[in-house]
Amino acid sequence: MNVLLGLGGSDESVKTLRRTIERTREVGDELTIVVVEKPESKRSQDEMYRQAVDELEEADITDVEVEKLDGDPGSALVNYAEQGDYDQLVIGGGTLSPMGKIQLGPITEFVLLNAPTTVKLVR
């Protein structure tokens, strides 16, 4: 499976990165990682990029392309997905409301509604 992983700088992105790397190692997916720019996140784009590279090296996975995307995070991710031949787009996100229902942020919602491929949401 050809998988595109979109990362911001949140804790959910770190969890999604680790789970996706684990799956890649187990089943041999082809993986591409893109890091979007989200100034309000805990980690900068550069920090998240470095963490992705470090996690890949630690997992001994060497054939993964890691790129930074500029511009609006949702649009940049959807545009990148449209230009490739991906079977799945993986993103982290979603929190639980006090009533126990999932709440999606605007970027996650945009990607879910506009992505040209199946989207896997890791919570």
Side-chain angles (χ1 to χ4, degrees):
M1 184 179 301
N2 194 3
V3 176
L4 175 62
L5 171 60
L7 299 175
S10 67
D11 291 339
E12 290 85 11
S13 286
V14 173
K15 180 169 54 171
T16 303
L17 171 65
R18 291 180 177 150
R19 285 188 180 175
T20 305
I21 287 174
E22 182 179 315
R23 177 181 159 79
T24 298
R25 195 174 49 217
E26 290 173 2
V27 300
D29 288 339
E30 291 181 39
L31 179 61
T32 301
I33 299 175
V34 291
V35 183
V36 297
E37 189 173 11
K38 288 179 63 180
E40 70 278 2
S41 292
K42 289 174 84 171
R43 294 165 192 84
S44 71
Q45 186 180 35
D46 290 335
E47 288 174 291
M48 201 65 218
Y49 177 90
R50 186 74 243 156
Q51 182 158 4
V53 170
D54 290 346
E55 297 269 350
L56 289 166
E57 287 175 1
E58 186 176 311
D60 199 28
I61 300 174
T62 58
D63 58 344
V64 174
E65 184 177 340
V66 183
E67 292 188 39
K68 296 178 191 176
L69 299 181
D70 295 323
D72 176 73
S75 297
L77 190 51
V78 168
N79 289 339
Y80 194 94
E82 287 174 344
Q83 294 173 21
D85 186 27
Y86 299 102
D87 300 307
Q88 189 176 72
L89 169 57
V90 179
I91 57 173
T95 58
L96 290 180
S97 73
M99 299 295 291
K101 296 185 179 187
I102 189 169
Q103 294 177 313
L104 303 175
I107 296 168
T108 302
E109 185 176 322
F110 181 86
V111 171
L112 286 169
L113 293 173
N114 293 287
T117 188
T118 301
V119 178
K120 179 178 180 179
L121 181 63
V122 177
R123 305 188 302 133

- Indicate, with yes or no, if Y49 and V36 share a hydrophobic cluster defined by side-chain heavy-atom contacts under 4.5 Å among Ile, Leu, Val, Met, Phe, Trp and Tyr. no

- Query: So, for G92 and T16, which heavy atoms are closest and what is the spacing to 0.1 Å?
  - Reply: CA-OG1, 3.2 Å

- Minimum-distance pair of heavy atoms, taken over all atoms of L89 and A115: CD2-CB, 3.9 Å

- Query: Has the side chain of S13 got a donor or acceptor atom that lies under 3.5 Å from a matching backbone atom of G8?
  - Reply: yes

- Same cluster (ILVMFWY, side-chain, under 4.5 Å), V35 and L121: no

- Item | Reported CG-to-CG distance for the pair L4 and D29, which is rounded to 0.5 angstrom | 12.0 Å

- Looking only at non-hydrogen atoms, find the nearest pair between V3 and Y86 and report the distance. C-CD2, 4.0 Å

- Message: Please report the interatomic distance OG(S10) to NZ(K15), rounded to the nearest 0.5 Å.
- Response: 9.5 Å

- Identify whether L7 and V119 are in the same connected component of the hydrophobic contact network (ILVMFWY, side-chain heavy atoms under 4.5 Å). no

- Note on the structure: Here the pair of heavy atoms bringing P116 nearest to E82 is CG-CG, 3.6 Å

- Message: To the nearest 0.5 Å, what is the distance between CE on M1 and CZ on R23?
- Response: 5.0 Å

- Message: Just to verify, what does D60 make a side-chain hydrogen bond (donor to acceptor under 3.5 Å, both in side chains) with, not counting sequence neighbours?
- Response: none

- Task: Indicate the atoms forming the closest heavy-atom contact of E47 with S44, along with that distance.
- Result: OE1-N, 2.7 Å

- Message: If I take atom CD from residue E30 and atom CG from residue D87, how far apart are they, to the nearest 0.5 angstrom?
- Response: 8.5 Å

- Task: Answer yes or no: is there a side-chain heavy-atom contact under 4.5 Å between V14 and R18?
- Result: yes

- What about V53 and M48, same hydrophobic cluster or not, with Ile/Leu/Val/Met/Phe/Trp/Tyr joined at side-chain heavy-atom distances under 4.5 Å? yes

- Closest non-hydrogen atom pair, R25 against A59: NH1-CB, 3.4 Å

- Side-chain contact test, heavy atoms from C-beta onward, threshold under 4.5 Å: evaluate it for T24 versus I61 and give yes or no. yes

- Query: In terms of hydrophobic clustering (I, L, V, M, F, W, Y; side-chain heavy atoms under 4.5 Å; direct or indirect links), are V90 and V66 co-clustered?
  - Reply: yes

- Task: Side-chain contact test, heavy atoms from C-beta onward, threshold under 4.5 Å: evaluate it for V122 versus I91 and give yes or no.
- Result: no

- Message: Using only atom types and a distance under 3.5 Å, with no angle test, would you say the side chain of N2 pairs donor to acceptor with the backbone of D85?
- Response: yes

- Message: Can you confirm whether V64 sits close enough to L5 that some side-chain heavy atom of one is under 4.5 Å from a side-chain heavy atom of the other?
- Response: no

- Message: Does R123, at its CZ atom, have more than 12 non-hydrogen atoms belonging to other residues, nucleotides or ligands within less than 6.0 Å?
- Response: no

- Item | Side-chain (Q45) to main-chain (L69) donor-acceptor, under 3.5 angstrom | yes

- Can you find a heavy atom in the side chain of I33 that is under 4.5 Å from one in the side chain of L56? yes

- Out of curiosity, E22 CD to E55 CD, how far, rounded to the nearest 0.5 Å? 11.0 Å

- Query: What distance separates E65 CD from L31 CG, expressed to the nearest 0.5 Å?
  - Reply: 10.0 Å

- Message: Just so I know, are the side chains of E58 and I21 near enough to count as touching, which here means a heavy-atom distance under 4.5 Å?
- Response: no

